[in-house]
Amino acid sequence: MIEALVSTVTENVIRVLTERGFLYQMTETGLEPAAATQTLTVYCGFDPSASSLHVGNMVAVMGLAHFQRCGHRPIVVVGGGTGLIVDPSGKATERPLLTVGQVRENAAGI
């Protein structure tokens, strides 16, 4: 039954992403041939530190959509624990700590 739901690879997603400016260079040499001959499963995780996604997340969502249109299987993950971890990511100040309830509410919103 699951096999019937998986579409065949219709177009090489790596070429599509490159042509559209999503991909400039990559180090994995086997990805393009694999994308042309196999159904890949790809995922992207989103941090529930806010009540909704922002415009910067759109690039990742669009990339997942291209994988899906080319016959691959995208998975979206909304992290729970990652919203509780303070990650300044090179910023001068830390992100404010969220409660478990706030993280759950944000994840539900996303």
Side-chain angles (χ1 to χ4, degrees):
M1 180 76 171
I2 291 177
E3 290 80 20
L5 298 175
V6 177
S7 61
T8 59
V9 175
T10 58
E11 198 172 355
N12 192 316
V13 68
I14 302 305
R15 290 188 191 137
V16 170
L17 293 175
T18 302
E19 289 169 2
R20 292 181 173 267
F22 278 84
L23 183 62
Y24 176 68
Q25 62 185 167
M26 66 180 173
T27 56
E28 177 55 56
T29 57
L31 185 57
E32 188 167 355
T37 60
Q38 302 172 35
T39 299
L40 303 178
T41 300
V42 296
Y43 79 94
C44 185
F46 296 97
D47 184 355
S49 58
S51 60
S52 64
L53 296 178
H54 55 78
V55 72
N57 298 124
M58 192 166 145
V59 173
V61 171
M62 290 173 62
L64 290 173
H66 284 297
F67 271 93
Q68 186 173 26
R69 286 185 197 117
C70 290
H72 302 287
R73 183 177 42 204
I75 297 175
V76 175
V77 177
V78 178
T82 57
L84 296 171
I85 300 170
V86 178
D87 177 18
S89 299
K91 297 181 176 104
T93 59
E94 291 183 348
R95 177 173 68 193
L97 289 174
L98 299 176
T99 66
V100 172
Q102 288 171 313
V103 169
R104 286 184 181 150
E105 188 175 313
N106 289 348
I110 292 172

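Remember, predicted model here, so these are calculated numbers, not experimental data. Residue indices begin at 1 and follow the sequence shown. Any value given below was found using the heavy atoms of this structure, including those in side chains, with hydrogens, waters and symmetry copies removed.
Linking ILVMFWY side-chain heavy atoms closer than 4.5 Å, directly or via other members, places Val59 and Val77 in two distinct hydrophobic clusters. Using a 4.5 Å cut-off between side-chain heavy atoms of Ile, Leu, Val, Met, Phe, Trp and Tyr, with links allowed through other members, Ile110 and Ile75 fall into different hydrophobic clusters. Under the 4.5 Å side-chain contact rule for hydrophobic residues, Val76 and Val42 share a cluster. Leu17 and Met26 fall within the same hydrophobic cluster, where Ile, Leu, Val, Met, Phe, Trp and Tyr residues are linked whenever their side-chain heavy atoms come under 4.5 Å apart, directly or through other members. Residues Met58 and Leu23 share a single hydrophobic cluster, defined by chaining ILVMFWY side chains whose heavy atoms lie under 4.5 Å apart.
Summarising the geometry, atom CE belonging to Met62 is positioned 7.5 Å from atom CZ belonging to Arg69; distances are rounded to the nearest 0.5 Å.
Closest of all the heavy-atom pairs between His72 and Pro74 is O-CD, 3.3 Å. Taking every heavy atom of both residues into account, Pro48 and Val103 meet most closely at CG-CG1, 3.8 Å. Nearest heavy-atom pair across Gly63 and Phe22 is N-CE2, 3.9 Å.
Although no hydrogens or angles enter the test, the distance criterion places no donor-acceptor pair under 3.5 Å between the side chain of Gln38 and the main chain of Leu40.
Side-chain atoms of Val100 and Arg104, non-hydrogen and from C-beta on, do get closer than 4.5 Å to each other.
Tested against Cys70 for a side chain to side chain contact (heavy atoms under 4.5 Å, CB included), the candidates Ile14, Val13, Thr39, Asn12 yield a single pass: Val13.
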